[in-house]
Amino acid sequence: MRAWHDKCAVFGIWNDPEASRMAYLGLYAQQHRGQESAGIVSLNQGKQIAHKGMGLVGDVFPAESLDRLEGTAAIGHTRYSTTGASSQLNIQPLTADLFSGPVAVAHNGNLVNAHEIRQKLQEQGAIFHATNDTECLLHLLARNPSRDIIRCLQEASQEIVGAYSFAILTHDRLVGVRDPLGFRPLVLGRRKLENGGTSFVLASETCAFDLIGAQYIREIEPGEIWWVDENGEHSARIALKSDRLAKCVFEQVYFARPDSKVFSLSVYESRKKMGEILSQESGIDADMVIPVPDSGVPASIGYAKQSGIPFELGIIRNHYIGRTFIQPSQSIRSFGVKIKLNPQSEILKGKRVIVIDDSLVRGTTSQKIIRLIRQAGAKEVHFRIASPPTTGPCFYGVDTPAKSQLIAAHQSVDEIRKFIEADSLAYLSIEGMMRAVSGTSSEFCAACFDGKYPTPLFGLEKEL
Ligand code: AMP
């Protein structure tokens, strides 16, 4: 079941003479949301053209591939998942030829009842090609006798449960859909063209708009189906199944880029506030505050500002290495910390340091970092985490490990402190985190921290 676990970026553009190039740049800006595979589908005179491959955006799309992706509309996707050999088939956007015409779907999020839907459809004779949850949506659209894609989406949304932000391209429109609980972000923008026209843009994060010179208009609302066609913009609703929202707080903590606006909040400002509140909650006397780069930087700035303790870059990061966490094997991961992070002994020698990171998951990275900091001569190492203890896996699209590997699910804060070999350890409280995002637990999903999963789990709870 965890084979369906994706974390991804989506992008969509309509009415742009350079649609596929813009999609390429939009995916490039959102590469942090998934590094396993990438794909773009463009629309040229009612026909769809696809180019997809394993690897990073810069490697998947040589210049000639973008020349081939002709047309004035496109959608794109980057993906990281835990699937193995069959992953070629899972590369998105997924495409199909329906009775109503061609359709391409890019999905960010994870459907929690995909297994049930798939089984039911297979019993009725449906043939599945891939192992991802997104294919369920294509089947639900295909089996609907209506030729109206918006109606088909409204009806499909009554069957699928979980997290979904979709960018969908048909022969005559670009569609953006966000699930009623609003787990994953999806934003709408506009790009002014040299010929005086305007193109419409969808993306997971606003950092994609900045790169292509698009203006942010608004979020696609939770439970909204937005689309643009030759007659302009339209909006419809999915019947709401809940009176709460479940925006993923982990987007603010770690996942999104700090220069993005997510759920109408500046991610950078949220992280700075998390650091400020962390300092109020568990301040300690020390000579300097240092971040684990880059994920701990904004929170450290907030912590240093609030505490008045000087901020220093005590650890320098080699930027030519990917995120260690997402490397496939534990041995590469362990080695990765040292290649990636280099503590500066001239700064740390004889000092009492507060080290800030955004989150602590398995604890293995923190332990290695603390050892390196001590080897560099630090006298005391106080570890501070700008989020609460991670105690549960995510079923809604963030690639957290299984519960058995989450150290805070099994050990107390003091046991974790001993494991990571810190002089002291403190986490941000759940209330503090909610204050930092100006939210409440009826607006955000914080299930990885508080265990309150906002949907039924359809058997996935076996993993808890
Ligand atoms: P560890 O506690 O050794 O598992 O690793 C903690 C580090 O992983 C922190 O620096 C986080 O920034 C980072 N991290 C947390 N969650 C994720 C995630 N879902 N994907 C990639 N990195 C993550």
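We number each residue from 1, following the sequence as shown. In listed order, ligands and their atoms are each counted from 1. Bear in mind the structure is a predicted one, so any value in this text is a computation, not a measurement.
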- request: Pull out every atom of ligand 1 sitting under 4.0 Å from any heavy atom of Val398, numbered as shown with elements.
  value: 19 (N)
task: Kindly assign one of parallel, tilted or perpendicular to the pair Tyr453 and Phe395, based on the angle between their ring planes and the thresholds 30° and 60°.
output: tilted
task: Run the numbers for me: atoms of ligand 1, each under 4.0 Å from some heavy atom of Arg362, listed by number.
output: 1 (P), 2 (O), 4 (O)
task: Find all atoms of ligand 1 within a distance of less than 4.0 Å from any non-hydrogen atom belonging to Thr364, and give their numbers and elements.
output: 3 (O)
task: Give yes if a backbone or side-chain nitrogen or oxygen of Val361 is under 3.5 Å from a nitrogen or oxygen of ligand 1, and no if not.
output: yes
- prompt: Checking side-chain hydrogen bond (donor to acceptor under 3.5 Å, both in side chains) for the pair Tyr396/Thr455: CA distance, chi angles, key distance, verdict?
  reply: CA-CA 10 Å; Tyr396 307 110; Thr455 66; 2.8 Å; yes
query: Backbone N or O of Pro62 within a donor-acceptor pair of the His51 side chain at under 3.5 Å?
result: no
task: State whether the shortest distance between N or O atoms of Val292 and N or O atoms of ligand 1 falls below 3.5 angstrom.
output: no
query: Mind checking whether Ser366 has an N or O less than 3.5 Å away from an N or O of ligand 1?
result: no
- line: Per-atom filter on ligand 1: closer than 4.0 angstrom to a heavy atom of Ser295 are 10 (O), 12 (O)
message: Please classify the Asp399 to ligand 1 contact at 4.0 Å (heavy-atom distances, strictly less than): side chain, backbone, both or neither.
response: backbone
field: Within 6.0 angstrom of Lys403 NZ, more than 12 heavy atoms from elsewhere
entry: yes
field: Atoms in ligand 1 with a heavy atom of Leu360 nearer than 4.0 Å
entry: 2 (O)
- prompt: Are any of the N or O atoms of Thr365 closer than 3.5 Å to those of ligand 1?
  reply: yes
task: Return yes when Phe255 approaches ligand 1 closer than 4.0 angstrom through a heavy atom, no otherwise.
output: no
field: Pair Glu205 + Arg184, salt bridge at N-O below 4.0 Å
entry: no
- prompt: Does Arg118 count as lying over the ring of Phe128, i.e. NZ or CZ under 6.0 Å from the six-ring centre, within 45 degrees of the axis?
  reply: yes
message: Under 4.0 Å, heavy-atom basis, I'd like to know which part of Asp357 is in contact with ligand 1: side chain, backbone, both or neither.
response: side chain
- prompt: In ligand 1, which numbered atoms sit nearer than 4.0 Å to a non-hydrogen atom of Gly363?
  reply: 1 (P), 2 (O), 3 (O), 4 (O)
- prompt: Parallel, tilted or perpendicular for His107 and Phe166, by the 30°/60° rule?
  reply: tilted
query: Minimum heavy-atom separation for Leu348 to Ala376, with atom names?
result: CD1-CB, 4.0 Å
message: For the backbone of Leu186 and the side chain of Ser204, can you confirm whether one donor and one acceptor N or O come within less than 3.5 Å of each other?
response: no
